[in-house]
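Remarks on the structure that follows.
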Amino acid sequence: YNNAVIYYEKNLPNDQKNYGLNHIYIGNDYFFIGLCYLSLAKYDEAISNLKKALEVFESPNIKSDKSIEETKENAARFASDTVLDIGYIYEQLGEYTNALFYYQKELSFNLKIYGENHLKTSNAYSSVGLMNLRCGNYQEAIQELNKAMEIRRSTLGENSLEFAQSLINLADAIICTENYLNALELLEKAENIYHALLKSDDINFAYLYQSFADYYRQNATFNQALNYGYKAIEIFDKNYGDDNYASIAVYLVSITNCYLAMGDDSRALAILLKCKNFYETNPHQNITNVLSRISDIYTNKGDYENAIIYC
């Protein structure tokens with residue numbers, strides 16, 4: 001990727017000279033530079049170049065061998081892909097409001113390009129719904145995730161992996177509204193589909209088990225929640241190991257909720273300190289939550305000196 005960045009950045013001035021600043025080819029150059037920086041985990045550079053690409057795709061130079069309408073359509077498709085990638089980066093950084101903004105732009109593009117009943121539109125509804133869920137906008141999340149589910153039902157059928165994933169997403173949102181019975185029914189239906197389609201250690205089961213863990217934690221059935229939570233982590237670790245510890249760290253933080261509710265502060269503290277060490281070398285917005293929890297535990301123990309350190 002380093003060599004690819006060098007190539008694209010070296011070639012960019014030549015393309016600008018040959019085609020002009022707003023030609024769709026220039027947008028493609030910025031787009032691929034942004035993707036290379038994303039692969040190198042250089043997120044600021046990735047966002048900067050992807051935003052430059054978006055500016056071109058939203059107002060392209062129409063001088064082209066192709067028809068005007070075809071050029072506009074291609075630019076709109078590129079713009080949709082670009083805002084999706086920008087939203088993804090912000091999501092990975094934990095900047096969910098920014099991620100939601102760009103996922104909403106993707107949905108707007110996809111509705112114009114593909115129409116309502118298309119899988120790309122379904123995926124965009126899902127992204128917007130999940131970000132609304134992260135931002136605490138539960139009713140909006142339910143509406144959008146339900147739309148995503150219905151599109152997948154009509155295009156792929158109820159025995160598809162994608163439909164099962166929509167059931168889980170919708171269940172996660174419903175759990176937040178404390179409509180537990182409906183959420184459990186959705187999760188159990190998704191589990192049946194997964195068992196018919198996937199091996200028991202497939203990564204999709206990790207996401208499913210985490211949703212079960214959240215359900216049982218909300219119902220104060222903590223032993224069940226811990227059981228599902230650790231099953232999710234076991235599958236993640238088996239599939240990715242340290243390469244995806246960011247996801248494991250999020251699940252570990254969730255598990256501490258159970259230990260704290262059960263009065264096992266020492267075990268919760270040990271997990272949170274492990275997550276803190278990870279986030280210190282892998283920046284993520286979730287570290288604020290982790291530090292706050294560590295400080296609260298020390299405060300409850302009467303260890304105010306350590307509590308102040310983690311405030």
I'd like to know if the side chain of [X] and the backbone of [Y] have a donor-acceptor N/O pair within less than 3.5 Å.
| X | Y | value |
| --- | --- | --- |
| Asn18 | Asn14 | yes |
| Ser154 | Ile151 | yes |
| Asn169 | Leu145 | no |
| Ser127 | Asn123 | yes |
| Arg134 | Tyr96 | no |
| Thr299 | Ser295 | yes |
| Asn227 | Asn223 | no |
| Asn146 | Ile142 | no |
| Asp202 | Asn204 | yes |
| Asn239 | Asp201 | yes |

Using side chain to side chain contact (heavy atoms under 4.5 Å, CB included), reason through Leu226 and Met262 one step at a time and then give a plain yes or no.
CA-CA 11 Å; Leu226 288 171; Met262 297 167 69; 3.7 Å; yes
Is it true that atom CG of Asp303 has more than 12 heavy atoms of other residues, nucleotides or ligands lying nearer than 6.0 Å?
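Above 12, so yes.
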Over 12 non-hydrogen atoms of neighbours within 6.0 angstrom of OH in Tyr114
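Atom OH in Tyr114 is crowded, with more than 12 foreign heavy atoms closer than 6.0 Å.
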State, to 0.1 Å, how close [X] and [Y] come at their nearest heavy-atom pair, and which atoms those are.
| X | Y | value |
| --- | --- | --- |
| Ser126 | Arg152 | CB-NH2, 4.1 Å |
| Ala53 | Gly27 | CB-O, 3.3 Å |
| Ile175 | Gln218 | CG2-CG, 3.6 Å |
| Ala190 | Ala164 | CB-O, 3.7 Å |
| Ser160 | Leu197 | C-CD1, 4.0 Å |
| Ile113 | Ser80 | CD1-CB, 4.4 Å |

Verify the ring-centre separation between Phe205 and His195: is it less than 6.0 angstrom?
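Between His195 and Phe205, the centre distance is under 6.0 Å.
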Aromatic ring proximity, centroids under 6.0 angstrom, Tyr216 and Tyr180
no
Phe236 and Tyr207: CA distance, side-chain angles, deciding distance, ring pair (Phe, Tyr, Trp, His ring centres under 6.0 Å) verdict
CA-CA 9 Å; Phe236 257 114; Tyr207 297 111; 5.2 Å; yes
Nearest 0.5 angstrom please: [X] [atom1] to [Y] [atom2], how far?
| X | Y | atom1 | atom2 | answer |
| --- | --- | --- | --- | --- |
| Tyr30 | Leu50 | OH | CG | 12.0 Å |
| Ile47 | Leu93 | CD1 | CG | 5.5 Å |
| Phe109 | Asp81 | CZ | CG | 10.5 Å |
| Asp29 | Ile24 | CG | CD1 | 11.5 Å |
| Tyr228 | Arg217 | OH | CZ | 15.5 Å |
| Leu272 | Ile297 | CG | CD1 | 5.0 Å |

Under the criterion side-chain contact (heavy atoms from CB on, under 4.5 Å), which of Leu167, Leu186, Asp172 is the partner of Ser211?
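Between Ser211 and the candidates, side-chain contact (heavy atoms from CB on, under 4.5 Å) is satisfied uniquely by Asp172.
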With Tyr102 as partner, the option from Glu91, Lys51, Met131 fulfilling side-chain contact (heavy atoms from CB on, under 4.5 Å) is Lys51
Side chains of [X] and [Y], heavy atoms from C-beta outward: is any pair under 4.5 Å?
| X | Y | answer |
| --- | --- | --- |
| Asn110 | His118 | no |
| Phe57 | Asn28 | yes |
| Ile26 | Leu21 | no |
| Tyr103 | Tyr88 | yes |
| Tyr37 | Ile33 | yes |
| Lys42 | Ser48 | no |
| Phe31 | Val56 | no |
| Lys231 | Phe212 | no |

Report yes or no: do [X] and [Y] belong to one cluster of Ile/Leu/Val/Met/Phe/Trp/Tyr joined by side chain heavy-atom distances under 4.5 Å?
| X | Y | value |
| --- | --- | --- |
| Ile6 | Phe32 | no |
| Val128 | Ile86 | yes |
| Leu119 | Leu84 | no |
| Leu40 | Tyr43 | yes |
| Ile308 | Tyr298 | no |

With the threshold set at 4.0 Å, does a side-chain nitrogen-carboxylate oxygen contact exist between Lys189 and Glu185?
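Answer for the salt bridge query: no.
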Asn11 and Asp15: side chain donor to acceptor below 3.5 Å
yes
For residues Tyr209 and Glu234, is any side-chain donor paired with an opposing acceptor at under 3.5 Å?
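Judged by distance alone, the side chains do not pair up.
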For Lys52 and Glu55, what are the C-alpha separation, side-chain angles and deciding distance, and is it a salt bridge (charged side-chain N to carboxylate O under 4.0 Å, His left out)?
CA-CA 5 Å; Lys52 290 177 183 178; Glu55 288 181 11; over 6 Å; no
Give the intermediate values and the outcome of side chain to side chain contact (heavy atoms under 4.5 Å, CB included) for residues Glu158 and Ile193.
CA-CA 8 Å; Glu158 292 193 2; Ile193 297 171; 5.7 Å; no
Tell me which one of Lys120, Glu116, Gln143 satisfies side-chain hydrogen bond (donor to acceptor under 3.5 Å, both in side chains) with Tyr125.
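It is Glu116; the other options fail the test.
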Step by step, would you call Gln165 with Tyr194 a side chain to side chain contact (heavy atoms under 4.5 Å, CB included)?
CA-CA 9 Å; Gln165 291 167 339; Tyr194 275 5; 3.2 Å; yes
Verdict with reasoning, Phe163 to Leu156, per side chain to side chain contact (heavy atoms under 4.5 Å, CB included):
CA-CA 7 Å; Phe163 179 71; Leu156 299 173; 5.8 Å; no
